[in-house]
Amino acid sequence: MWVSTKAQYGLRALIEIGRRGGDAVPLKDVSERQGISQHYLEQIASNLRRAGFIRSVRGAHGGYRLARPASAINAYEVVTAMEGSIAPVSCVEEDHVCDKGNVCGTLDLWHRVDAALRDVLGSTTLADLIADSERQDHARLMQLEPNVPVLSI
C-alpha cells in the first residue's frame, strides 16, 4: 500500500490545526511549520473541508479549525477521504466480486492485511497523533537544553 503525500500532508495539517485548540490557524502557519507548499496545502485544505474535518474562519484572525473534536476523527477516515480505497489489492475492496476466490491461495492474506490496515488507522485518533507530536516536540526541546554543570563543593 502506498499512501500519497496528499493523505500524509492532510494528517499533518490536521495535527497542526488540532494542536492550536480552538484557535483558527492560517494555512501560512501550517505551511511554514510543516514545510508544505502553501498552494498544495490549499488544495488539501479544500478536501479536508469538504470531508468535514475542518471549517474555515473568516476575518483578521481567520484560518481553519477542526470541525469535530480531535478524539472523534481517526486516521482511517482521513486517509480514505484523501485517497479513496486503501485496500492492498482490488479483490478485497468492498464492491469487488472475485471469481477466483475459490482457487486463490492469497485471498486470506490480503483480507488480513486489509483488516490490519483498517484496525491500525481506525484505532488511531487525531488526538493520539497530536499527543505524539507534542511528546516529540518536548523530547526535541529537552535535547536542545544546554547541559548545566553541577558544582560540587
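This chain uses plain numbering: 1 for the first residue, then up along the sequence.
Closest of all the heavy-atom pairs between E77 and A72 is OE1-O, 3.6 Å. Closest approach of L107 to C91, counting heavy atoms only: CD1-SG, 3.8 Å. Nearest heavy atoms, L27 versus A45: CD1-CB, 3.8 Å. Scanning both residues, A87 and D114, for their nearest heavy atoms gives CA-OD1, 3.6 Å. Contact detail for A13 and L41: the closest heavy-atom pair is CB-CD1, 3.9 Å. Across all non-hydrogen atoms, the minimal contact from Y64 to I17 is O-CG2, 3.6 Å.
One hydrophobic cluster holds both V89 and L109 under the rule that ILVMFWY side chains link at heavy-atom gaps under 4.5 Å. A chain of hydrophobic side-chain contacts below 4.5 Å, direct or via other Ile, Leu, Val, Met, Phe, Trp or Tyr residues, connects V79 to Y40. V30 and V57 are assigned to two separate hydrophobic clusters, defined by single-linkage of ILVMFWY side chains at heavy-atom distances under 4.5 Å.
Of the inter-residue distances, the one linking R12 atom CZ with I36 atom CD1 reads 4.5 Å to the nearest 0.5 angstrom. Of the inter-residue distances, the one linking I73 atom CD1 with I54 atom CD1 reads 9.5 Å to the nearest 0.5 angstrom. Between atom CG of residue L14 and atom CG of residue L48 there is a gap of 5.0 Å, rounded to the nearest 0.5 Å.
Just one residue in the list L126, I130, T125 forms a side chain to side chain contact (heavy atoms under 4.5 Å, CB included) with D128, and that residue is T125.
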| request: Apply side chain to side chain contact (heavy atoms under 4.5 Å, CB included) to M82 and Y9, showing your working. | output: CA-CA 10 Å; M82 303 303 283; Y9 292 175; over 6 Å; no

| Hey, mind stepping through I44 and K6 against side chain to side chain contact (heavy atoms under 4.5 Å, CB included) and telling me if it holds? | CA-CA 7 Å; I44 291 167; K6 189 188 315 184; 4.0 Å; yes

| request: Evaluate the criterion side chain to side chain contact (heavy atoms under 4.5 Å, CB included) for residue pair T124 and N74; output intermediate values, then yes/no. | output: CA-CA 6 Å; T124 304; N74 67 54; over 6 Å; no

| request: Report the C-alpha separation of L121 and I86 in whole Å, then their side-chain angles, then the decisive distance to 0.1 Å, and conclude whether the side chain to side chain contact (heavy atoms under 4.5 Å, CB included) test is met. | output: CA-CA 11 Å; L121 294 172; I86 61 163; 3.6 Å; yes

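Salt-bridge check for K28 with E32: passed, with a basic side-chain N closer than 4.0 Å to an acidic carboxylate O.
Remark: the backbone N or O of E16 is not paired with any side-chain donor or acceptor of R33 at under 3.5 angstrom. Between the side chain of E83 and the backbone N or O of V3 there is no donor-acceptor pair closer than 3.5 Å.
Pairs engaging residues 35-60 under the salt bridge (charged side-chain N to carboxylate O under 4.0 Å, His left out) rule: none recorded [sequence neighbours left out].
In terms of the side-chain hydrogen bond (donor to acceptor under 3.5 Å, both in side chains) criterion, residue partners of R19 (sequence neighbours excluded) are, by chain and number, S133, D137.
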